[in-house]
Amino acid sequence: MSEQVFSKRILITGGAGFIGSHVVKQFVKKYPNYLILNLDKLTYAGNLGNLHDVEDAENYKFIKADIVNSEEINAIFQNEKITDVIHLAAESHVDRSITNPTEFVMTNVLGTINLLLAAKQFWPKNQGNRFYHVSTDEVYGSLGDTGHFVETTAYDPRSPYSASKASSDHFVRAFSHTYHLETVISNCSNNYGPYQFPEKLIPLMINNIIHNKALPVYGAGLNVRDWLWVGDHVNAIDLIFHKGKNGETYNIGGDCEMKNIDLVHLLCNILDRKLNREQGSSAKLIHYVTDRPGHDMRYAIDASKIKADLSWSPSYRVEQGMEATVDWYLENENWLKNVTSGEYQSYYDKHYLQK
Ligand code: NAD
Ligand code: TYD
């Protein structure tokens with residue numbers, strides 16, 4: 001049998017993580033003419049169990065590799081004839097960046113440069129090859145009570161995580177200007193949904209409520225985040241990859257600002273109902289703990305550009321999205337048990353027992 005010829009051979013990095021696994025699954029299923037190569041180091045945050053749906057698909061291949069290793073990356077570009085990159089691999093948790101910033105520089109900055117250098121080396125100019133960097137709204141810093149981040153907002157990263165993502169965004173733009181690499185960048189607000197590792201606010205709270213453990217709310221719980229259903233982010237990535245303009249940046253957000261404490265109460269109420277607990281009983285688990293150092297107060301995205309230029313809009317309202325998310329975690333307790341064993345447990349205990 002002759003080998004199938006694919007119209008694109010897309011390297012998706014970080015495809016075993018939360019957002020990356022949703023991107024991989026959508027692309028494998030929707031685009032049988034593309035070969036999707038999922039490159040992931042499988043850190044604590046990467047889990048091949050997120051990809052059961054597609055692991056046997058003919059247009060899917062997994063490659064275990066570290067983006068910090070440039071020789072490995074160059075060999076993959078050469079051997080696999082990579083035509084495009086959608087880059088999501090990163091260290092992604094702000095709290096971990098505060099305890100170990102160097103790891104964030106290595107993966108998020110050096111790893112991104114290694115991919116950019118490989119793209120520059122293996123893609124002759126103007127052949128339609130595209131390098132897409134998936135980034136965060138946290139590069140813009142922190143807002144007061146009013147205002148929104150737009151694509152032209154000056155960068156003002158304030159955590160080691162956001163500093164490393166800002167740096168990698170700058171390198172992507174530098175490669176676009178200096179070497180004419182075709183690039184697009186998106187800066188997205190906080191995602192939630194199935195398969196999110198339970199160190200981030202929403203899955204951590206769901207997991208702790210299920211197990212009757214304390215709910216650690218940082219500071220007064222008044223910090224605001226703009227929440228987006230992960231599937232809406234994936235649709236935006238799909239559109240930007242295919243239709244975004246070369247060299248452009250797109251902000252992506254859910255039009256859904258919430259104070260942390262209100263979100264935690266919402267999750268408590270949903271779980272009280274679903275677990276047949278007395279209303280108000282899970283909220284008794286809320287503990288106000290020492291604030292995160294340098295904690296950004298408010299993020300809010302103005303997503304007018306992607307709405308106008310690419311006809312994207314978020315589909316899930318927060319109440320609907322939180323119900324669906326809670327249902328998924330309740331139905332997938334084995335997944336939770338699996339990812340919260342081992343390394344997670346020791347990090348969690350060290351991080352939270354001191355608070
Ligand atoms: P995640 O932590 O769930 O997954 C990251 C993945 O990258 C994991 O599978 C991990 O194994 C892999 N990885 C880490 N270091 C690697 C290395 N050196 N080499 C190869 N693979 C490596 O992250 P996520 O929440 O899915 O975020 C994905 C991307 O989206 C990140 O770049 C993040 O900055 C960005 N982002 C996330 C959010 C969010 O709310 N989660 C919002 C906006 C942007
Ligand atoms: P997080 O999910 O870590 O995302 P980010 O810091 O990238 O926005 O945190 C979301 C918000 O929730 C943030 O304001 C910090 C807060 N938070 C808590 O109050 N308690 C927690 O246990 C965690 C993980 C986060």
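From a predicted model like this one, the values you see are computed outputs, not experimental measurements.
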Just checking [X]: does its [atom1] atom have more than 12 heavy atoms from other residues, nucleotides or ligands closer to it than 6.0 angstrom?
{"X": "K274", "atom1": "NZ", "answer": "yes"}
{"X": "M106", "atom1": "CE", "answer": "no"}
{"X": "Q127", "atom1": "CD", "answer": "yes"}
{"X": "E278", "atom1": "CD", "answer": "no"}
{"X": "D145", "atom1": "CG", "answer": "no"}
{"X": "K200", "atom1": "NZ", "answer": "yes"}
{"X": "K61", "atom1": "NZ", "answer": "no"}

Interatomic distance, [X] atom [atom1] to [Y] atom [atom2] [nearest 0.5 angstrom]:
{"X": "L88", "Y": "H22", "atom1": "CG", "atom2": "NE2", "result": "11.5 Å"}
{"X": "N208", "Y": "L204", "atom1": "CG", "atom2": "CG", "result": "4.5 Å"}
{"X": "N129", "Y": "T83", "atom1": "CG", "atom2": "OG1", "result": "6.5 Å"}
{"X": "K8", "Y": "I36", "atom1": "NZ", "atom2": "CD1", "result": "10.0 Å"}
{"X": "I270", "Y": "H265", "atom1": "CD1", "atom2": "NE2", "result": "13.5 Å"}
{"X": "W335", "Y": "T340", "atom1": "CH2", "atom2": "OG1", "result": "9.0 Å"}

Please evaluate residues L228 and N190 with respect to the criterion side chain to side chain contact (heavy atoms under 4.5 Å, CB included), reporting the C-alpha separation (whole Å), side-chain torsions for both, the decisive distance (0.1 Å), and the verdict.
CA-CA 6 Å; L228 180 71; N190 290 58; over 6 Å; no

Quick one: closest heavy-atom pair of [X] and [Y], and the distance?
{"X": "M322", "Y": "I202", "answer": "CE-CD1, 3.4 Å"}
{"X": "L35", "Y": "E58", "answer": "CD1-O, 4.3 Å"}
{"X": "S176", "Y": "T183", "answer": "CB-OG1, 3.3 Å"}
{"X": "G193", "Y": "W229", "answer": "CA-CZ3, 3.8 Å"}
{"X": "V339", "Y": "P198", "answer": "CG2-CD, 3.8 Å"}
{"X": "F241", "Y": "F27", "answer": "CD2-CE2, 3.9 Å"}

Can you list the steps and then say if D84 with R130 is a salt bridge (Lys or Arg N to Asp or Glu O under 4.0 Å)?
CA-CA 5 Å; D84 300 85; R130 173 155 272 205; over 6 Å; no

Side chain to side chain contact (heavy atoms under 4.5 Å, CB included) between N338 and N47, intermediate numbers included
CA-CA 10 Å; N338 185 17; N47 183 354; 4.3 Å; yes

When the aromatic ring centroids of [X] and [Y] are compared, is their separation below 6.0 Å?
{"X": "F131", "Y": "F175", "answer": "no"}
{"X": "F197", "Y": "H93", "answer": "no"}
{"X": "H233", "Y": "Y250", "answer": "no"}
{"X": "H242", "Y": "Y31", "answer": "yes"}

Taking the side chain as every heavy atom from C-beta outward, state whether [X] and [Y] have any atom pair closer than 4.5 Å.
{"X": "L51", "Y": "N38", "answer": "yes"}
{"X": "E333", "Y": "H211", "answer": "yes"}
{"X": "K165", "Y": "P157", "answer": "no"}
{"X": "K120", "Y": "L116", "answer": "no"}
{"X": "S167", "Y": "N108", "answer": "no"}
{"X": "L110", "Y": "V105", "answer": "no"}
{"X": "I12", "Y": "L39", "answer": "no"}
{"X": "F149", "Y": "N251", "answer": "yes"}

For the hydrophobic clusters of this structure (ILVMFWY residues joined by side-chain heavy atoms under 4.5 Å, transitively), does one cluster hold both [X] and [Y]?
{"X": "F171", "Y": "L181", "value": "yes"}
{"X": "L266", "Y": "V217", "value": "yes"}
{"X": "I76", "Y": "F122", "value": "yes"}
{"X": "V264", "Y": "L330", "value": "yes"}
{"X": "L275", "Y": "L285", "value": "yes"}

Is it true that a side-chain atom of [X] and a backbone atom of [Y] form a donor plus acceptor pair closer than 3.5 Å?
{"X": "W227", "Y": "D255", "value": "no"}
{"X": "E72", "Y": "D66", "value": "yes"}
{"X": "T107", "Y": "F104", "value": "no"}

For the pair [X] and [Y], find out whether any cationic side-chain nitrogen is under 4.0 Å from an anionic carboxylate oxygen.
{"X": "D309", "Y": "K245", "result": "no"}
{"X": "K30", "Y": "D238", "result": "yes"}
{"X": "K64", "Y": "D40", "result": "no"}

Hey, mind stepping through V85 and F77 against side chain to side chain contact (heavy atoms under 4.5 Å, CB included) and telling me if it holds?
CA-CA 10 Å; V85 170; F77 266 73; 3.6 Å; yes

Assess, by modelled atom type and distance only, whether the side chains of [X] and [Y] contain a donor and an acceptor separated by less than 3.5 Å.
{"X": "D272", "Y": "S282", "result": "yes"}
{"X": "D53", "Y": "Y60", "result": "no"}
{"X": "Q196", "Y": "N191", "result": "no"}
{"X": "S315", "Y": "D232", "result": "yes"}

Students often mix this up, so state it plainly: with edges at 30° and 60°, are the rings of H170 and Y155 parallel, tilted or perpendicular?
tilted

My understanding is that only one of T112, T249, D169 makes a side-chain hydrogen bond (donor to acceptor under 3.5 Å, both in side chains) with S135; could you say which?
D169

Among E257, H148, E138, side-chain hydrogen bond (donor to acceptor under 3.5 Å, both in side chains) partner for Y299:
E138

Given N187, which partner from the list I252, T136, T153, V139 fulfils the side chain to side chain contact (heavy atoms under 4.5 Å, CB included) test?
V139

Check for me whether R96 meets the cation-pi criterion with Y44, that is, NZ or CZ under 6.0 Å from the six-membered ring centre and within 45 degrees of the ring axis.
yes

Please evaluate residues Y132 and S186 with respect to the criterion side-chain hydrogen bond (donor to acceptor under 3.5 Å, both in side chains), reporting the C-alpha separation (whole Å), side-chain torsions for both, the decisive distance (0.1 Å), and the verdict.
CA-CA 8 Å; Y132 181 172; S186 56; 2.7 Å; yes

Evaluate the criterion side chain to side chain contact (heavy atoms under 4.5 Å, CB included) for residue pair C268 and L215; output intermediate values, then yes/no.
CA-CA 10 Å; C268 287; L215 309 178; 3.7 Å; yes

